[in-house]
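Notes for the one structure printed next.
FYI, side chains are in, hydrogens and waters are out, and symmetry mates aren't considered; it's all heavy atoms of this structure. We number each residue from 1, following the sequence as shown.
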Amino acid sequence: MERDYHDKYLEYQQFGVREYWLLDYRRREVRCHQLNEKGEYVIIEVDAEGNYRSLVLPGLVLHVPTLWQEQLPGPIALAKLLESAMKSDTQDKE
């Protein structure tokens, strides 16, 4: 994991990867980085509801607290979460 926090981070930044996520299950930590106008990564915080909105994949919303649940949602619950997130994202843009 340390390679992800240092070596990959620097490599991806150098080559212009616009978005870099680090999901560390041991630490229960998510770090979402996006390139700024200088080509440097900045950490983008999740919103008050625990959502991260992707810059690279418009409409993709990652609900971070879901990652740390003991039992992850099944396919139907996951589909409902995605549908809800996409509706919310569409409403935010109106």
Side-chain angles (χ1 to χ4, degrees):
M1 192 74 194
E2 293 310 312
R3 175 165 157 58
D4 295 320
Y5 281 94
H6 186 265
D7 298 339
K8 284 185 184 179
Y9 174 94
L10 294 174
E11 291 168 9
Y12 288 9
Q13 180 176 265
Q14 177 185 357
F15 290 108
V17 175
R18 294 180 12 207
E19 199 167 69
Y20 182 49
W21 302 358
L22 286 163
L23 286 73
D24 189 334
Y25 293 98
R26 288 177 297 149
R27 297 179 186 169
R28 290 189 172 223
E29 179 178 89
V30 172
R31 291 188 189 175
C32 299
H33 301 85
Q34 293 176 359
L35 283 181
N36 65 15
E37 60 281 343
K38 295 179 184 177
E40 299 169 340
Y41 279 134
V42 292
I43 293 179
I44 305 299
E45 301 294 334
V46 298
D47 65 19
E49 290 81 37
N51 294 313
Y52 171 76
R53 298 180 189 285
S54 174
L55 174 72
V56 176
L57 301 168
L60 177 66
V61 179
L62 174 66
H63 185 249
V64 174
T66 301
L67 299 172
W68 316 134
Q69 292 180 177
E70 278 299 312
Q71 187 171 18
L72 294 175
I76 294 172
L78 187 56
K80 287 180 181 179
L81 281 170
L82 290 171
E83 180 181 35
S84 174
M86 291 179 77
K87 282 181 184 175
S88 172
D89 191 50
T90 303
Q91 291 170 353
D92 290 344
K93 292 180 181 178
E94 293 176 353

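Between Leu35 and Gln13, some side-chain heavy-atom pair lies under the 4.5 Å cut-off. Between Val17 and Glu11, every side-chain heavy-atom pair lies at or beyond the 4.5 Å cut-off.
Cluster annotation: Phe15 is not connected to Tyr9 through the hydrophobic network of ILVMFWY side chains, with a link wherever side-chain heavy atoms come within less than 4.5 Å. Both Val42 and Val64 belong to a common hydrophobic cluster when Ile, Leu, Val, Met, Phe, Trp and Tyr are linked at side-chain heavy-atom distances under 4.5 angstrom.
For the atom pair Trp68 CH2 and Leu23 CG, the distance stands at 5.5 Å (nearest 0.5 Å). Separating the CD1 atom in Ile43 from the CD atom in Gln34 is a distance of 11.5 Å, to the nearest 0.5 Å.
Sorted by first and then second residue, the side chain to side chain donor-acceptor pair (under 3.5 Å) pairs with a member in residues 36-50 form an empty list; sequence neighbours excluded.
No donor-acceptor pair under 3.5 Å is formed between the side chain of Glu19 and the backbone N or O of Cys32.
Closest non-hydrogen pair, Gly50 versus Val46, comes out as C-CB, 3.8 Å. Counting all heavy atoms, side chain and backbone alike, Leu55 lies closest to Arg18 at O-NH2, 4.0 Å. Counting all heavy atoms, side chain and backbone alike, Val61 lies closest to Arg53 at CG2-NH1, 3.2 Å.
Under the ring-ring contact (aromatic ring centres under 6.0 Å, His included) criterion, Tyr52 pairs with Trp21, sequence neighbours left out. Every residue meeting the side-chain contact (heavy atoms from CB on, under 4.5 Å) condition with Leu57, not counting sequence neighbours, appears here in chain and number order: Ser54, Leu60. Under the rule for a side chain to side chain donor-acceptor pair (under 3.5 Å), the partners of Glu29 that lie at least two apart in sequence or sit in another chain are Tyr5, Arg31.
Summarising the local packing, CD1 of Ile76 is surrounded by 12 or fewer heavy atoms from other residues, nucleotides or ligands at distances under 6.0 Å.
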May I have the step-by-step check of side-chain contact (heavy atoms from CB on, under 4.5 Å) for Tyr20 and Lys8, ending in yes or no? CA-CA 9 Å; Tyr20 182 49; Lys8 284 185 184 179; 3.3 Å; yes

